[in-house]
Amino acid sequence: MVLTALGVREQALVNARGRVPAEPTDPLLRLTGVLGSRRALIVLDNCEHLVDAAARLADGLLSRCPRLRVLATSREPLGITGESLYPVEPLPLPPAGTSVDDALGYPAVRLFADRAAAVRPGFRVTDQAVTVCRALDGMPLAIELAAARLRAMTTDQLATRLGDRFRLLAAGSRTALPRHQTLRAVVDWSWELLDEPERVLLRRLAVFAGGATPEAVEAVCGGDPDLLYALVDKSLVVADADGRYRLLETIKAYGLERLAEAGETDVTRRAHARHFLRLAQRADRSLRTRDQLDWLARLDADHDNLASAMRWSIGAADADLAVRFADALGWYWWLRGRRAEGAELAEEALALPGNVPRALVAGAASVAALNVVAGLYQLERGQELLNRAAELATGREDRHPMLSLVGPMSQLFASPPDNDSALAGLRRCFDHPSAWVRGVAHMMYGHAEVNIGRRDNASAENFALALVEFRSLGDRWGISLTLSALAEQTARYGDHARAAAYFEEALAELVPLGVAEDVPEMQSRYAYQLWLVGDTDRAVAELENARRTADRIGTDEARASVGYHLGATLHGMGDLDGAREHLSQALAVVSEFNSSPQWPALINTALGLVEADRGDLAAAERHHHAAIDLAIVSRDAPVIGHAVVGHVDLAMRRDQPALAAKLLGVADAIRGGLDMSVRDGPRLEQAVRERLGDARFAEAFESGQSATAETVRTFIPSV
C-alpha cells in the first residue's frame with residue numbers, strides 16, 4: 001500500500017538484463033531504494049488494527065533512511081526505538097464552578113455550542129450544556145453526536161438521557177466511516193481489537209468509580225498487571241499523574257454493558273465492595289492517630305469508590321455488608337464534614353433487615369447519630385439512634401471506641417438529661433485502656449460541667465487532661481476541640497489574649513482536617529476574642545475570612561455563627577445598623593432549619609441589646625423574652641445565663657437597678673460563676689454597682705442566687 005501511494009510498483013518489470021525477475025523484490029528493500037536519503041514524511045493512519053506490521057515497517061524504514069520521518073496515528077504506540085508519543089487528549093473542559101460565559105472559552109463547550117447552533121438556530125449555552133460536555137469527557141465525536149440530537153430535544157432532555165448514551169448517540173454523518181457514525185461503533189472498533197484477557201479486565205474495571213490504584217485493580221479484577229498497562233497503551237484506560245487509573249465515562253458505560261453480558265456484574269461488584277470495606281476498616285483504626293491526615297487523603301482519593309460500594313451493598317439488601325460500611329466510614333464522614341451524606345447512607349444501611357452483629361449496629365448507630373444531628377439537623381432522630389446504640393452496646397464496649405462512650409452520650413442528650421448517670425459513666429472511662437476514649441471522656445465531662453453550671457473550675461482541668469491524651473495520639477480533631485474548649489473557659493474568666501491564642505492554635509489543627517463546616521464558627525469566636533483585646537484590624541480580617549468560608553461551604557449553621565459574631569462585634573464598635581442587619585440575617589437562617597435552640601437564643605439576645613441601643617425597647621423586650629424561652633428549652637447553663645443578662649439590660653434601661661442586680665445573681669447561679677467571654681455581662685455589672693453601691697448590689701445579687709435552670713422563668717418580669 002505504501003508503494004502504491006508513492007506510485008511505485010512492488011516489483012520491477014525487468015531486471016538489468018531485460019529479463020523478468022523470478023521472485024518479487026522485497027517491498028521494504030524496494031521502499032528503501034525509492035526513499036534513500038531523500039527528505040520525506042510518511043503518514044501511517046489507523047495503525048491499531050495492524051500495529052505489529054506498521055511497527056516493523058516504520059522501524060525498517062527509519063533505520064535505513066536517515067532523512068525520513070514517520071507520523072503514525074494509532075490507539076496504541078508502535079513500541080519502536082526513537083518513538084515520541086503525542087497523545088490526542090479529549091477537548092479541555094471547564095473546571096467545576098465555572099460560569100456559563102466563561103465555559104464558552106473551553107474547546108469542548110465551544111464545539112458543542114457551534115454544532116448545536118447549526119441544528120438549532122439561536123442556541124445558547126446553559127449549565128446543562130456544560131454538564132453534557134463533562135459527561136461525555138470532552139470527546140469530540142460524542143459531543144458532535146450529542147449536539148445533533150438537539151434537532152429533536154432540549155439540552156435538559158439530552159442531559160437526563162445520557163445514561164443510555166449508546167442508544168441516544170446513534171445518528172452521525174452518513175458520509176463518515178462506519179466506525180465513526182455512532183458512539184457504540186467507535187467503542188466497538190476498539191473492543192474488537194482486544195484479546196480476551198484484555199476484554200475481561202476492561203469490563204471489570206468499569207465497576208470502579210473515580211479511578212483506582214494498581215493494587216485495587218488487581219484485588220478486584222484479578223489478572224496480569226501488565227494487562228492494565230496494555231489497556232493504557234491502547235488508549236482505553238487513562239493513567240493519571242497520581243498513579244491511579246480510570247475509564248472515561250463512555251468507556252465505563254460500555255464496560256458495564258459488557259460486564260452484564262458476561263454475567264459478572266454481581267460477583268465483580270461484590271469483590272469491589274469487599275476490597276473497599278477492607279480499606280475503610282483499616283483506615284478507621286488510624287483516624288484517631290497522628291496518621292489521620294494520610295488516611296483521610298487515602299479515603300478522599302477513593303471517596304467515590306467507597307460511596308459506590310456502600311450504595312451497591314444497600315441496593316443488594318446486604319445488611320451485614322452495608323452496616324459494616326456505616327460502622328467503618330462513620331468517623332471519616334464526621335472528620336471530613338461529609339455528615340449529611342454519611343447520615344443518609346447510614347440510615348439506609350441500618351434500616352435493612354438482616355442478622356447483623358449487635359456490636360456492629362451499635363457502632364454504626366452511634367456515629368450515625370452524630371452525623372444525623374450535625375448533617376441533617378434531626379435532633380430527635382439523633383437521640384433515637386443514640387438510645388439504640390447505647391442499648392446494643394451494653395456488654396460489648398470493647399468492640400469499638402464509641403461503644404464505651406455512647407451510653408453517657410445518650411444520657412447527656414436525653415430530654416430531660418440524666419446528668420448524674422452520664423457523668424458517672426464518663427468517670428468510669430477515665431481509666432479506659434484507649435487514650436482516645438479517655439480523651440473524649442474528659443472532654444465530654446468538661447463540657448457537661450459547663451452546660452449544667454458547675455461552680456468550680458474543674459472543667460478546665462478536664463479539658464487539659466483531654467488535651468494530654470489527644471496530643472499523645474496526634475489526633476488533630478481532639479486537640480482542636482479541647483483547645484477551643486480551653487479558649488472558652490479562659491475567656492470566661494477574662495483572659496481574652498490567652499483565649500485568642502488557644503483559638504489560633506485550635507484553628508491550625510482543625511483546618512488541615514478539611515472539616516470546612518466547623519471552621520467558620522471557630523474563626524468567628526477567635527475574631528471576637530481578638531476584638532475584646534483591642535486587636536480590631538485582625539478581628540475584622542478574621543471575621544471576613546469566616547464569612548467567605550461560610551459562603552463557600554453554604555451551611556446554615558456556619559452562616560448563622562458568622563452572622564451572630566459579626567453582629568456582636570459591629571455592635572461593640574458602635575455600628576448599630578450593621579449589627580442589626582447581620583443579626584437579623586442570622587436569625588432568619590436559623591429559623592429555616594432545625595437548629596438547636598442555643599443559636600436562636602443567643603441571636604435574639606444580641607438583637608435585643610442592639611434594639612435597646614437603637615431606642616426601641618418594645619422590640620428589645622420581644623427579643624429578650626424569645627431568647628429566655630429558647631435558652632430554657634436548651635438546658636444550656638451558659639446560654640440561659642446570657643439570655644438573663646439581656647433582661648438585666650432591660651431592667652437598667654427602665655431604671656430598675658435592684659432588679660438588674662438580682663438578675664445578675666440569677667445568671668451567676670445558673671452558669672456557676674462569672675462569664676466574661678462576652679462584653680455585656682461585665683459592662684452591665686459595673687453599671688449596676690455604680691448605681692447601687694457595693695452593699696446594696698451584694699444584697700440584691702444574693703437574692704437571685706437561689707435560681708436554677710428550672711425556676712429561672714419566675715425571676716424574669718412577664719411581658
| request: List the atom of Leu403, the atom of Gly363, and the distance in Å for their closest heavy-atom pair. | output: CD2-N, 3.6 Å
| remark: To the nearest 0.5 Å, atom OG of Ser404 lies from atom CD of Glu397 at 5.5 Å
| request: Output yes when Arg547 and Asp551 qualify as a salt bridge under the 4.0 Å nitrogen-oxygen rule, no when they do not. | output: yes
| said: Any heavy-atom pair between the side chains of Asp240 and Val238 that's under 4.5 Å? | reply: yes
| task | Kindly give the heavy-atom pair with the smallest separation between Ala506 and Ser484, and that separation in Å. | result | CB-N, 4.0 Å
| query | Have Asn371 and Trp334 got a donor and an acceptor in their side chains that come within less than 3.5 Å? | reply | no
| Carboxylate-amine/guanidinium proximity below 4.0 Å for Arg471 and Glu505 | yes
| query | Asn305 and Ser308: side-chain donor and acceptor closer than 3.5 Å? | reply | no
| query | Asp291 side chain to Asp294 main-chain N or O, any donor-acceptor pair under 3.5 Å? | reply | no
| query | Any chance the rings of Phe463 and His447 have centres within less than 6.0 Å? | reply | yes
| query | When rounded to the nearest 0.5 angstrom, what distance separates CD in Glu215 from NE2 in His275? | reply | 8.5 Å
| query | Got a sec: does the CZ of Arg548 have more than 12 other heavy atoms crowding it under 6.0 Å? | reply | yes
| Does a side-chain N-to-carboxylate-O contact under 4.0 Å join Arg381 and Glu384? | yes
| message | Testing the 3.5 Å rule here: is there a donor-acceptor pair between the side chains of Asp675 and Ser677? | response | yes
| query | Between Glu509 (side chain) and Ser480 (backbone), is there a donor-acceptor pair under 3.5 Å? | reply | no
| How about Leu412 and Leu426: do any of their side-chain heavy atoms sit closer than 4.5 Å? | yes
| task | Identify the heavy atoms of Gln529 and Ala499 that sit nearest to each other, and give their distance. | result | OE1-CB, 3.9 Å
| Does Lys252 reach the main-chain N or O of Leu247 with its side chain, forming a donor-acceptor pair under 3.5 Å? | no
| said: Does Arg338 qualify as a cation-pi partner of Trp333, given the criterion of NZ or CZ under 6.0 Å from the six-membered ring centre and within 45 degrees of its axis? | reply: no
| field | Rounded distance (nearest 0.5 Å) linking atom CG of Asp418 with atom CD of Gln411 | value | 5.0 Å
| request: State, with a plain yes or no, whether a side-chain heavy atom of Pro416 is found less than 4.5 Å away from one of Arg635. | output: yes
| remark: Closest heavy-atom pair, Ala349 versus Ala326, reported as atoms and distance to 0.1 Å, is CB-CB, 4.4 Å
| Side chain of Ser472, backbone of Glu469: donor and acceptor closer than 3.5 Å? | yes
| Stepwise side-chain contact (heavy atoms from CB on, under 4.5 Å) check, Leu279 with Arg298 | CA-CA 9 Å; Leu279 174 66; Arg298 286 195 63 177; 3.6 Å; yes
| request: Rounded to the nearest 0.5 Å, what's the gap from CG on Leu507 to CE on Met522? Could you check? | output: 5.5 Å
| request: Please lay out, stage by stage, how Asp102 and Ser99 fare under the test side-chain hydrogen bond (donor to acceptor under 3.5 Å, both in side chains). | output: CA-CA 5 Å; Asp102 290 340; Ser99 69; 3.2 Å; yes
| field | Gln383 side chain to Asn387 side chain, donor-acceptor N/O pair below 3.5 angstrom | value | yes
| query | In terms of the angle between their ring planes, are His272 and Phe208 parallel, tilted or perpendicular, with boundaries placed at 30° and 60°? | reply | perpendicular
| said: Could you check whether Arg559 and Tyr564, counting side-chain N and O atoms only, form a donor-acceptor pair closer than 3.5 Å? | reply: no
| With a 4.5 Å limit on heavy-atom distance, are the side chains of Leu350 and Leu385 in contact? | yes
| said: I'd like to know whether Tyr502 forms a ring pair (Phe, Tyr, Trp, His ring centres under 6.0 Å) with Tyr526, so could you lay out the CA-CA distance, the side-chain angles of the two residues, the decisive distance to 0.1 Å, and finally the verdict. | reply: CA-CA 9 Å; Tyr502 275 137; Tyr526 172 44; over 10 Å; no
| field | Ionic contact status for Arg324 with Asp320, cut-off 4.0 Å | value | yes
| query | Salt bridge or not for Asp302 and Arg244, using N-O below 4.0 Å? | reply | yes
| task | State, to 0.1 Å, how close Gly567 and Leu583 come at their nearest heavy-atom pair, and which atoms those are. | result | CA-CG, 3.9 Å
| said: Under a 3.5 Å threshold, yes or no: a donor from one side chain and an acceptor from the other, between Glu341 and His303? | reply: yes
| Test log, rule side-chain contact (heavy atoms from CB on, under 4.5 Å), inputs Ser584 and Leu607 | CA-CA 7 Å; Ser584 297; Leu607 270 169; 3.8 Å; yes
| message | Measuring centre to centre across the rings, with the benzene-like ring taken for any Trp, is Trp331 within less than 6.0 Å of Trp295? | response | no
| message | Within the 4.5 Å heavy-atom criterion, are Arg358 and Arg396 side-chain neighbours or not? | response | yes
| request: State, without any angle test, whether Thr605 and His642 hold a side-chain donor-acceptor pair at a distance under 3.5 Å. | output: no
| task | Give the minimum heavy-atom separation between Ala365 and Ala389, together with the two atoms involved. | result | CB-CB, 3.9 Å
| Taking Asp327 for the side chain and Val323 for the main chain, is one N or O donor matched with an acceptor at less than 3.5 Å? | no
| query | Would a 4.5 Å heavy-atom cut-off, applied to side chains only, mark Leu296 and Leu335 as touching? | reply | yes
| request: Would you please indicate yes or no on a ring centroid separation below 6.0 angstrom for Phe276 and Phe325? | output: no
| task | To the nearest 0.5 Å, tell me how far Met443 CE sits from Phe470 CZ. | result | 4.5 Å
| Pairwise side-chain contact, Leu93 with Thr98, heavy-atom cut-off 4.5 Å (strictly under) | no
| query | Is the shortest distance from a Lys or Arg side-chain nitrogen in Asp475 or Arg290 to a carboxylate oxygen in the other one below 4.0 Å? | reply | no
| task | Test Leu321 against Trp312 for side-chain contact (heavy atoms from CB on, under 4.5 Å), laying out the working first. | result | CA-CA 10 Å; Leu321 191 58; Trp312 177 83; 4.0 Å; yes
| Is there a donor-acceptor pair closer than 3.5 Å between any side-chain N or O of Ser524 and the backbone N or O of Pro520? | yes
| said: Looking only at side-chain N and O atoms, does Gln598 offer a donor or acceptor that is under 3.5 Å from a partner on Asp636? | reply: yes
| request: Mind checking the CH2-OG spacing from Trp599 to Ser561? Nearest 0.5 Å is all I need. | output: 3.5 Å
| said: Assess whether a salt bridge exists between Arg525 and Glu521, defined as any Lys/Arg side-chain N lying under 4.0 Å from an Asp/Glu carboxylate O. | reply: yes
| query | Is any side-chain heavy atom of Leu510 less than 4.5 Å from a side-chain heavy atom of Asp518? | reply | yes
| Stepwise side-chain contact (heavy atoms from CB on, under 4.5 Å) test for Thr289 and Ser286 | CA-CA 5 Å; Thr289 72; Ser286 299; 4.1 Å; yes
